[in-house]
Amino acid sequence: MPDVPFFYGNDVPLEMHKVRIVQKLNFPNVDQRLDAMRAAGNNTFLLNNRDIFLDMLSDSGVNAMSDRQLAAMMQADDSYAGSETFARLDTVMQDIFGKKYFLPAHQGRACENILSQLLVTPGSVVPTNYHFTTSKAHIVINGGEMAEILIDEGLDVNNTHPFKGNIDIKKLRNVIDDFGPEKVAFVRLEAGTNLIGGQPFSLANMREVREVCDAFGLLIVLDASLLADNLYFIKTKEDMCDGMSIREITREISDLSDIIYFSARKLGCARGGGLCLDDPDLYARLREYIPLYEGFLTYGGMSVREMEALAVGLEETMDMDMISQGPHFIGHMVQMLDSEGVPVVKPAGGLGCHLNAMEFVKHIPQTEYPAGALAAALYIVSGVRGMERGTLSEQRDEGGEETLAHMELLRLALPRRVFTLSQIHYAVDRIRWLFANRELIGGLRFTEEPDVLRFFFGRLATTSDWQDELVAKFKADFGSNC
Ligand SMILES: *Cc1c(COP(=O)(O)O)cnc(C)c1O
């Protein structure tokens, strides 16, 4: 275990906060959940929150705020231009990241839009440890492509490499060779690599990436949306960082980056986003897009209240008490499931617990969306909403064929400081039951399939009446009221 004090009995994580505002939850019974899932076309994105017990869809915009954040929101200075709130946020950004310029944006993908419009040209390539849905979409829309150059261990769900988000330096050199450095728009490094299970990169790896980029005059763009988790893992797993404070690690990561962008729906527990950088020419060119797509330079589409919350939230992110809570709870959940043989992504990452659907429901072919089917089944038997991250989240190729995903994951996100340990235990208990009854889960097929980002709005039907059988078995074991 890491050298942090927040455990008792060795492995039970201890919250370093208390709950002062609560929201009542609904607990629909299994028949109501079956109806809701059918009405939602077996797509968890289309469920209504009122029909959900534990919402583990995402950590985006739903992290619990602190009393200090709420207090700061009351003092926001509303003005179209030149607000005091922006000055406060700008100061915090400079203090933490040490970059000269900060540009606000309404959320993370807005930064991706602006960066891609400026830097990505037709035929260019963006080498990256791994893609994120929105970042890839913006690069492709501007005529570029992404080259995924993650270390091989990163896609092996059973490999316990501590830094599965690392870039393979040899693969990076190969991409630069193949395309020529002039065709490399920038190198994108994603903190807490989202789609492979919230897995971190190491500081040592980032230093190596910097060396290569320096040799070819390439920019490093850091997607810092999940930086908080990555900081925790660097601090606890990377020996050379043992003596460094979170603030020092952050500063070095920032110094190694040319441009940093982030979603404040994750980083800083607020809602919004932004970019920071040192280069005055790049700044001047990026700045032009902000009034066009976001808003004036001193709010960029964010409400001033959220900006105040973000300023405090970023400060709080420099505190181990704060950034350890997510990884500790996720680690606990992964350990409980793993000890019972339930296939999960290891080691536990940030962001959430990821069930490996390829193993969990290995009788379902990828063309019948095993992770999507598992998401539907888990909701029906528990009221827990997760997110499919597999073939369903991919797009068909030009010939209309399925693009089979590298991994079929059901992500159960743990928004920071939101759930109690008994709620985690409830989720584990239902997952355990579902695993014991996994043969009852069947596949899905599209009934409405949008061309772009189909996982958001698409509707699906079951390939057999497996959900009725699953519910019948559930009622036999738990009764109708659960
Ligand atoms: C969420 C996320 C984004 C997009 O941010 P939004 O605020 O949702 O637009 C980009 N990159 C990563 C790694 C993310 O997790």
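All values reported here derive from a predicted model rather than from experimental measurement. Numbering of ligands and ligand atoms starts at 1, following listing order.
The shortest N or O to N or O distance between S263 and ligand 1 is below 3.5 Å. In terms of N/O distances under 3.5 Å, ligand 1 is approached by D223. Between N194 and ligand 1, at least one pair of N/O atoms sits closer than 3.5 Å. Between G108 and ligand 1, at least one N/O pair is under 3.5 Å apart. Considering backbone and side-chain atoms together, S60 places no N or O closer than 3.5 Å to any N or O of ligand 1. In terms of polar-atom proximity, R265 is not counted as a contact of ligand 1, lacking any N or O under 3.5 Å from an N or O of the ligand.
For F102 and F97, the ring centers are positioned 6.0 Å apart or more. Aromatic ring centres of F45 and F455 lie closer together than 6.0 Å. Taking the six-membered ring for Trp and the full ring otherwise, H328 and Y232 have centroids separated by under 6.0 Å.
Between E153 and K164, none of the side-chain N atoms (NZ, or NE/NH1/NH2) sits under 4.0 Å from a carboxylate O, so this pair counts as no salt bridge. Between K136 and E145, no side-chain nitrogen of the basic residue sits less than 4.0 Å from a carboxylate oxygen of the acidic one, so the salt-bridge criterion is not met.
Between V304 and D77, the closest side-chain pair of non-hydrogen atoms is not below 4.5 Å.
Just one residue in the list L189, D223, V187, V209 forms a side chain to side chain contact (heavy atoms under 4.5 Å, CB included) with N129, and that residue is L189.
Annotation: atom 3 (C) of ligand 1 to nearest protein heavy atom, F132 CE2, 3.4 Å.
Contact atoms of ligand 1 toward E112: 10 (C), 11 (N) (distance under 4.0 Å to a heavy atom of the residue). Within ligand 1, counting atoms from 1 as listed, the ones closer than 4.0 Å to a heavy atom of R109 are 4 (C), 5 (O), 6 (P), 8 (O), 9 (O). When each atom of ligand 1 is checked for a heavy atom of K266 under 4.0 Å away, the hits are 1 (C), 2 (C), 3 (C), 14 (C), 15 (O).
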